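What you are looking at is a predicted structure, and each value in this text was computed from that prediction instead of being measured. Computed over heavy atoms, backbone and side chain alike; hydrogens, waters and symmetry mates excluded. All chains are named by letter (A, B, ...) in the order of the sequence lines, taking the proteins before the strands, and each is independently numbered beginning at 1.
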Amino acid sequence: MTADGGPELVQLLTPEGERVHHPEYDVDLSDEQLRGLYRDLVLVRRVDSEATALQRQGELGLWAQCIGQEAAQVGSGRALLPGDFAFPTYREHGVAWARGVQPLQLLGLFRGVTNGGWDPHEHNMALYTIVIGDQTLHAVGYAMGMQRDGSDDATICYFGDGATSQGDVNEAFVFSAVYNAPVVFFCQNNQWAISEPLERQTRIPLYRRADGFGFPGVRVDGNDVLAVLAVTSAALQAAREGQGPTLIEAFTYRMGAHTTSDDPTRYRVSADLEAWKLKDPIERLRVYLARNGWADHDYFDAIDAEAETLAIHLREGCRSMPNPEKTSMFDHVYAAPHPLVEAERAEFAAYHASFAGGEH
Amino acid sequence: MTADGGPELVQLLTPEGERVHHPEYDVDLSDEQLRGLYRDLVLVRRVDSEATALQRQGELGLWAQCIGQEAAQVGSGRALLPGDFAFPTYREHGVAWARGVQPLQLLGLFRGVTNGGWDPHEHNMALYTIVIGDQTLHAVGYAMGMQRDGSDDATICYFGDGATSQGDVNEAFVFSAVYNAPVVFFCQNNQWAISEPLERQTRIPLYRRADGFGFPGVRVDGNDVLAVLAVTSAALQAAREGQGPTLIEAFTYRMGAHTTSDDPTRYRVSADLEAWKLKDPIERLRVYLARNGWADHDYFDAIDAEAETLAIHLREGCRSMPNPEKTSMFDHVYAAPHPLVEAERAEFAAYHASFAGGEH
Amino acid sequence: MAATTMAKAINAGLRKALENDPKVLLMGEDIGKLGGVFRVTDGLQKDFGEARVIDSPLAESGIVGTAVGLAMRGFRPVVEIQFDGFVFPAFDQIVTQVAKHNARSAGRTPMPITIRIPYGGGIGAVEHHSESPEAYFAHTAGLRVISPSNPLDAFVMVQQAIACPDPVIFFEPKRRYWDKADIDESIDIASAPSPFQARVVRPGSSITVACYGPMVRTVLEAATAAAADGTDIEVIDLRTISPLDVETVAASVRRTGRLVVVHEAPVFLGLGAELAARITEQCFYSLEAPVIRVGGYHTPYPPSRLEEDYLPDLDRVLDGVDRALAF
Amino acid sequence: MAATTMAKAINAGLRKALENDPKVLLMGEDIGKLGGVFRVTDGLQKDFGEARVIDSPLAESGIVGTAVGLAMRGFRPVVEIQFDGFVFPAFDQIVTQVAKHNARSAGRTPMPITIRIPYGGGIGAVEHHSESPEAYFAHTAGLRVISPSNPLDAFVMVQQAIACPDPVIFFEPKRRYWDKADIDESIDIASAPSPFQARVVRPGSSITVACYGPMVRTVLEAATAAAADGTDIEVIDLRTISPLDVETVAASVRRTGRLVVVHEAPVFLGLGAELAARITEQCFYSLEAPVIRVGGYHTPYPPSRLEEDYLPDLDRVLDGVDRALAF
Ligand SMILES: Cc1ncc(C[n+]2csc(CCOP(=O)(O)OP(=O)(O)O)c2C)c(N)n1
Ligand SMILES: Cc1ncc(C[n+]2csc(CCOP(=O)(O)OP(=O)(O)O)c2C)c(N)n1
Ligand SMILES: [Mg+2]
Ligand SMILES: [Mg+2]
C-alpha cells in the first residue's frame with residue numbers, strides 16, 4: 001500500500017502550502033473563502049481538542065477525535081449545498097460544523113445525555129451512527145427519495161477505511177449503482193480501524209473498490225482542503241446531473257487515538273505520526289494564506305482567539321448540560337402510544353415516587 | 001449489458017461446435033476425456049429433467065432445475081481435485097455429480113425428507129445452501145483452514161448473479177483478498193434471479209466486481225464445458241500456488257424456470273430462450289465429438305440409454321424413499337445431550353404413543 | 001369483493017395504500033413483474049410504476065437499510081421479505097436502525113416502515129421457508145409486530161400498518177394466503193378496530209385459548225371439535241404480538257380460569273412465555289391451572305415430511321386444553 | 001493466580017485452550033496487537049502467532065461466516081464480537097448456519113464455535129455498547145448460551161465452551177471484567193461442574209432469586225441487605241441461559257414458594273418470561289406468588305446518564321422481592 005497516497009492522489013495544495021494544479025480538478029476561491037476554510041479548520045480542531053480535554057476531566061464518557069481529518073471533513077462539508085443531506089459516522093465533527101450543527105450539540109451523545117443530539121432535518125445531517133456501515137444504506141435510500149421527489153440535491157455518506165469491509169457498505173454500492181442514486185460515498189481512509197491497519201481490510205487502494213461496482217472512484221489528499229472541496233463538488237455535481245454515485249477516498253491519517261478509550265501506542269509506531277504531522281491540513285493552508293498575503297498574524301491571532309472563546313463556551317455549556325429526565329427513556333420509543341411502554345413508565349414513576357425524599 | 005457475453009468472454013468451443021483458441025486459456029483432453037464430459041452433461045441433464053418430472057408427479061415438493069447450466073457446473077466440478085472442497089447453492093446438481101454425490105441423495109431435500117442429504121466430508125462438497133450468499137463465507141473460512149493445514153488444496157464456491165448483491169458475498173471477497181485464501185468464486189450468471197434480470201444487480205459485467213477487491217475476475221462462456229474447465233483449472237492452480245482468490249463469471253442462461261414453483265412467462269420473453277437454445281452446452285460438444293470422429297451414433301445412443309437407466313433408478317429410488325422417523329427432528333439439534341430437546345422428544349413420543357392404534 | 005383470498009386481500013390493501021398516499025412505496029425482491037412469489041403484489045408495478053413498486057437487488061439488509069433512508073426523506077416504505085428465513089440478513093438494520101431511530105432522534109425521524117414477511121409452515125416447503133421468527137422482533141423495543149389470521153383482517157391491518165407512524169413487522173400466515181372471505185373494500189381503516197387489539201373470535205366458558213396468525217383457524221377447528229365433547233373454548237385471536245393485548249386475554253382468563261397459548265414458533269422464549277408470565281401475574285388468583293403452551297419444538301424447522309408432526313394441529317391443541325383442564 | 005480479574009481469567013482460559021488444542025483459533029476485530037478493546041486477548045497473538053490469533057476485517061458476518069468454514073475444516077474457532085450491539089450483522093450466519101449446521105448435516109458438520117460477546121451495561125458507554133441480547137440467541141435452537149458471573153467461572157466456562165461440540169454464545173458481563181477472585185489455574189475443566197447447570201450461590205429460605213452474569217453480584221448484595229431485615233434470599237446463579245437449568249430453580253422454589261428473576265435485558269420476552277412460564281407449570285401448587293420479573297424496560301438502552309435508572313439495582317431487586325412477598 002502506498003504510504004504517500006501514490007500518483008493517483010488528487011492534490012491542489014502541497015503539504016508545504018504550494019498551490020499545484022491538477023488536470024481534472026480545480027477550485028476557484030476568493031481569499032475570503034480561503035480564510036473561511038482556514039477558520040473552519042482551526043475552530044473544528046479546537047472543538048475537538050476541547051472535547052478531548054472535557055473527556056479527560058470526566059465531563060464526557062468518551063470522545064472520538066477528528067484531529068488530522070479536519071480538511072477531509074470541512075472540505076467535503078463545505079462542498080454541500082443546503083438541500084444536500086449528510087450521513088456521518090461518529091467522527092464527523094468537521095462535517096457537523098459545516099452543516100451548522102452547534103458543537104455543543106455534538107457533546108450530548110458523548111456525555112451520555114442523549115443518543116442523538118440535533119434535528120436531522122434542521123441541518124440536513126443525520127445523527128451520528130455508531131454501528132459501522134449502517135448509514136451508507138440510509139444515504140442511498142435518502143438519495144432514492146430525492147430522485148423520486150424530482151429534486152436535484154444529493155446525499156453524502158461518510159465512513160472509514162474499516163467500514164469498507166462491512167456487507168452493508170457494499171450493498172450500498174450495489175443499490176446506488178443499480179438505481180443510479182445521487183450519492184457521494186466519502187471514505188476517510190485514516191489508515192486505521194482502531195488497531196487494525198488498512199491491510200486488514202483491503203489489498204488494493206480503497207478508491208478502486210468503486211471499479212467493481214461500475215462507478216467512479218477517486219483518491220484525494222484528505223489533508224488538502226482545497227482538493228477535497230474540488231473533488232467532492234465535482235462528485236456532487238455528477239450526482240445532481242444524474243450520473244449516479246462516486247466513491248471518494250480521502251487519504252488521511254488519524255492523528256489521535258481511535259477514541260479517548262484507546263491506546264495507540266500498543267499497535268502503531270510514533271514515526272508514522274511524525275511523518276503525518278508534516279502533512280497537517282491546517283498548517284499548509286496557513287502557509288498558503290500567509291505567503292500570498294491573504295492573511296496576516298493579526299488574522300491568525302483573531303481566529304485563535306475566536307477558537308479560545310468557542311472552547312470556553314463549549315466547556316461551560318458542557319458542564320452545565322443537564323441530565324435528562326429519568327422518565328425520558330420512555331419517550332419516543334414509539335411515535336404512537338404503546339401500552340407496555342406506558343405501563344412501564346407508570347410503574348417506574350410510582351417506584352421512584354416511593355423513594356420520595358430519599359436518595360432516589 | 002452485452003447479451004452475448006462480449007469480447008471478454010473466454011471460449012474454447014463455439015456454439016457451432018468449433019474448437020477455437022484463446023491466448024490465455026487452453027485444455028488438452030483426450031477423446032476419452034471429452035466423451036466423459038459429454039456423458040456427464042447428458043446424465044446431469046437427465047437427472048434434472050427426471051427430477052422435474054418427479055416434482056410434477058408430486059414426488060418432490062420442489063425442484064431447482066439446472067438445465068442450460070450443465071457445462072458451467074460439470075466443467076468447474078471436473079476441474080476440482082479430490083482434496084478440493086466445493087460449496088454449492090441449491091442448483092449445483094452438475095457439481096454434485098462431479099463430486100460423486102449420488103443423484104438420489106440430491107432428491108431428499110426437495111422431497112422434504114431431509115434438510116441435508118449427503119456427507120460433506122465424503123464428497124468434499126458442502127450441503128446445498130438455500131439462504132443466498134451464506135456459503136461464500138464458509139468457503140473462505142474453509143480455505144483459510146486449508147492454509148493453516150499447509151495443504152495445497154483449494155475451495156470453490158458457487159453462487160448466482162443475484163447473490164452478488166448480498167453483503168456476505170462481498171465480505172467473502174474482502175476476507176479472501178485480505179487473507180489471500182485459496183478460493184475460487186464461481187458465479188453462474190444465468191441472467192436471472194427469479195424474475196429479476198441482471199440489471200437489478202449490477203450495471204457492469206459481474207466478473208469485474210473482482211477489480212474492486214484486488215483479485216482477478218474472468219468471464220467465461222458458461223455453456224462451453226472446455227472453456228469452463230480451462231478457466232477453473234487455472235484459477236484453482238493459482239489458488240494452490242498462493243495467489244489467492246479468483247472470481248469466475250460463467251456467462252450462461254437459466255433455460256428453465258427458477259424452480260418448479262416459478263412461472264417465467266410472467267417476466268421474460270420466449271425469444272431469449274430461443275436464442276440461448278442455439279448455445280446449448282450439450283449440443284456443441286456433441287457436434288465437436290462427432291465431427292472429429294471421437295464419438296458416433298452408437299456412442300451417443302449408449303449414453304442416452306445410460307441416462308434412461310439412471311432416470312428409472314432415480315424414479316424408483318425417489319418413490320421408495322422412506323419418510324424420516326418422526327422423532328428424527330430431535331436428533332442432532334445438538335451434538336451433545338440437551339435437556340430441553342430430550343424432554344420435548346420424550347413428550348412427543350408419549351403424546352404419539354397416546355394415539356397408539358389411531359391415526360397417528 | 002366477494003370470496004377473496006388473503007393474498008388478494010393484502011394486494012387490495014396495498015393498492016389502497018398506494019392510491020391514498022403518494023408517499024407509499026413498495027420494495028422487495030420479485031415484487032414487480034412477477035408480483036411476488038405469492039403474487040401478493042400482482043399488478044401493482046404495472047399500475048403504479050417502477051418508481052413506486054421497486055424490484056430490489058437481492059439483499060435484504062439493503063432493502064431495509066434503504067427503506068430507512070426513504071423514511072427519513074418522508075416516504076412510507078412497505079418492504080417485502082420473500083420468506084421468513086430470509087429476514088436475518090436484515091436483522092441488524094431492523095434492530096439497530098428501524099427500531100431505534102425514533103427514540104434516538106427524539107421523534108424527529110420516525111420510521112413508518114412496514115416490513116411484510118410471509119411466515120410459518122404447512123406448505124411443504126424446503127428449509128428456511130417455514131419459520132416463525134416473530135419472537136425476535138417482539139423482544140425488540142421500537143417495533144410493532146402484528147399478524148392477521150383471515151382475509152378481512154389482512155386487508156384492513158396491512159393498511160393500518162402502513163398508516164402507523166411506527167415500524168410494523170407484518171407477519172403474513174402464508175399457508176392461509178388461499179383462505180377466502182368476503183371483503184368490503186369500502187371499510188374505513190381509521191374507524192376499524194385497532195390492529196393492536198386482540199379479538200375474541202369465539203366466546204366460550206370452559207377455557208381460553210389464545211393464538212394468532214395461522215393458528216387461529218386451527219384453534220377454531222379444535223374448538224368446534226371440543227364443543228362436541230362439551231368443552232366450550234373461548235378463542236382469542238391476538239392479532240398483535242407487540243404490543244401484546246394482555247387485557248383482553250386477562251379478562252377472559254378471569255372468567256375461564258385456564259389458558260392455553262398456541263403458536264407455530266418454538267415454545268422456548270416464544271410469545272407464549274411472555275403471555276404466560278403476564279397472565280400468571282395478573283390473574284394469579286383466578287388461574288386454576290398453569291398456562292399451557294402448545295407450539296414448535298426447540299429444533300430447527302424440520303424437513304417438510306415431518307412438518308405435520310412439528311406444527312400444532314387440532315389434536316395438539318386439544319391435548320393442551322386437556323392438560324390445562326386436568327389441573 | 002491470586003486476585004485475578006475476570007478479563008484476565010478469560011485471557012488465561014483462552015490461553016489454556018490455545019495450548020491444549022492446536023485446532024483452537026481466535027478471530028475478531030482488534031484482538032491481536034491491541035489485545036481486544038478490553039484486553040481479554042492480551043498477549044495471545046504474540047505467543048500463538050497471527051495464524052491462530054487473527055485480526056479480522058471489520059465485518060461480523062464475515063467473522064462468523066468464515067468461522068463456520070473453519071469449523072467444517074476441523075478447527076474450533078473462538079470469535080470475539082467487540083460489543084453486544086455489533087452482533088446483529090452476524091445474526092444471519094449465527095441463526096441460519098451456526099445453529100443449524102449440525103442438524104442439517106445429521107451430525108456430520110458440527111459447529112464447535114464459541115462466540116464471545118461482552119454484554120450488558122453499567123460502564124457509561126455510548127449507544128450499542130451496553131445491550132443484553134441473549135434472548136435472541138436463547139430462542140434459537142441449536143445454540144447454547146452461557147454467561148459467567150465471576151472470574152473463576154469465567155476461566156473455567158470459557159474453556160468448557162470451547163471444548164463443547166456445540167456452538168456456544170459466551171456472554172461476558174463487561175462491567176464485571178474488573179471484579180477479582182482467586183483462580184486455581186490447574187482446575188480440570190472436564191471434572192468441573194458443567195457450564196450448563198445453575199448453581200445456588202447463596203442458600204436461603206424466604207424466597208428464590210434467579211439471575212445470571214452481571215446481576216449475580218447485584219443480587220447477592222441485595223440478599224445481604226435483605227438478610228438484615230430478616231428476609232433470607234436464596235440466590236441462584238443460572239450460569240446457563242440455554243439450556244435453562246429449570247430443575248435447580250424448581251427445587252428451590254418448591255422450598256421457598258416464591259421466585260424473582262432478574263436480568264438486565266428487557267423483561268418483555270426476556271429470559272424471565274421463559275423461566276416464569278416453566279416454573280409456574282412445574283411448581284404450580286408450590287407457588288405462593290406469581291414469578292416476579294425485574295429487568296430492563298421495553299425501550300432502547302438509554303443514554304448512559306440514565307443507565308442507573310434503567311438497570312436493575314439493589315433496590316429494584318428488593319422491590320421485586322417485596323412484591324413477591326406481598327402476595
Ligand atoms: C458493526 C460494528 N462493529 C464494530 C464496531 C466497533 N468499532 C467502532 S469504530 C471501529 C473501527 C472503525 O474503523 P474505520 O471504519 O476505519 O473508521 P475510523 O474509526 O477509523 O474513523 C470499530 C471496530 C462498531 N462500531 N460497529
Ligand atoms: C437471503 C435470501 N433471500 C432471498 C431468497 C429467495 N431466493 C431464492 S433463489 C433467489 C434468486 C437467486 O438468484 P441467483 O443468485 O441469480 O441464483 P439462481 O437462482 O439464478 O441460480 C431468491 C431471491 C433466498 N433464498 N435467500
Ligand atoms: Mg479508519
Ligand atoms: Mg441467477
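Ranked by non-hydrogen atom pairs under 4.5 Å with chain D, the options A:Val113, A:Asp262, A:Val341 are led by A:Val113. Listed options A:Leu340, A:Leu62, A:Asp263 were ranked by heavy-atom pairs under 4.5 angstrom with chain D; first place goes to A:Leu340. Of the listed residues (A:Arg266, A:His258, A:Arg345), the one with the most heavy-atom contacts under 4.5 Å to chain D is A:Arg266. Highest contact tally toward chain D, considering only A:Asp331, A:Ile194, A:Thr114, is held by A:Ile194 [criterion: heavy-atom pairs under 4.5 Å]. Note: D:Asp55 leads D:Thr299, D:Val37, D:Asp55 in heavy-atom pairs under 4.5 Å with chain A.
Scanning residues 129-141 of chain A against chain D with a 4.5 Å non-hydrogen threshold yields A:Ile130, A:Val131, A:Ile132, sorted by number.
Residue A:Glu347: no heavy atom, backbone or side chain, is found under 4.5 Å from chain D. With a 4.5 angstrom heavy-atom cutoff, D:Tyr310 touches chain A via backbone and side-chain atoms both. Contacts between A:Tyr90 and chain D at a heavy-atom distance below 4.5 Å are absent for every atom of the residue. For chain A, the nearby part of D:Gln82 is the side chain; its heavy atoms alone come within less than 4.5 Å. When heavy atoms are compared at a cutoff of 4.5 Å, D:Glu307 does not approach chain A at all. Both the backbone and the side chain of D:Tyr297 come within less than 4.5 Å of a heavy atom of chain A. D:Glu308 does not touch chain A: none of its heavy atoms, backbone or side chain, sits under 4.5 Å away. Within the 4.5 angstrom heavy-atom criterion, no atom of D:Arg323 approaches chain A.
Side chains of D:Glu127 and A:Leu109 form no contact here, defined as non-hydrogen atoms less than 4.5 Å apart. The side-chain heavy atoms of D:Ser56 and A:Arg200, taken from C-beta on, include no pair separated by under 4.5 Å. By the 4.5 Å heavy-atom criterion applied to side chains, A:Tyr267 and D:Asp30 are not counted as neighbours. Residues D:Pro300 and A:Val333 are in side-chain contact: their nearest non-hydrogen atoms beyond the backbone lie under 4.5 Å apart. In this structure, the side chains of D:Pro303 and A:Asn115 come closer than 4.5 Å at one or more pairs of heavy atoms. Counting heavy atoms from C-beta on, the side chains of D:Leu58 and A:Glu196 never come closer than 4.5 Å. At least one side-chain heavy atom of A:Phe355 sits less than 4.5 Å from a side-chain heavy atom of D:Asp315.
For D:Glu50, the CD atom counts as loosely surrounded, since its 6.0 Å shell holds 12 or fewer non-hydrogen atoms of other residues, nucleotides or ligands.
Heavy-atom minimum distance, D:Pro57 versus A:Gln201: CA-OE1, 3.4 Å. Across all non-hydrogen atoms, the minimal contact from A:Ser165 to D:Ala59 is O-CB, 3.4 Å. Nearest approach of A:Gly58 to D:Arg305, heavy atoms of both residues: O-NH2, 4.4 Å.
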Given A:Ser328 and D:Leu306, is the side chain to side chain contact (heavy atoms under 4.5 Å, CB included) satisfied, shown in steps? CA-CA 9 Å; A:Ser328 68; D:Leu306 292 178; 3.5 Å; yes
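Under the 30°/60° scheme for interplanar angles, the aromatic rings of A:His338 and D:His298 are found to lie parallel.
With sequence neighbours excluded, no residue satisfies salt bridge (Lys or Arg N to Asp or Glu O under 4.0 Å) with A:Arg268.
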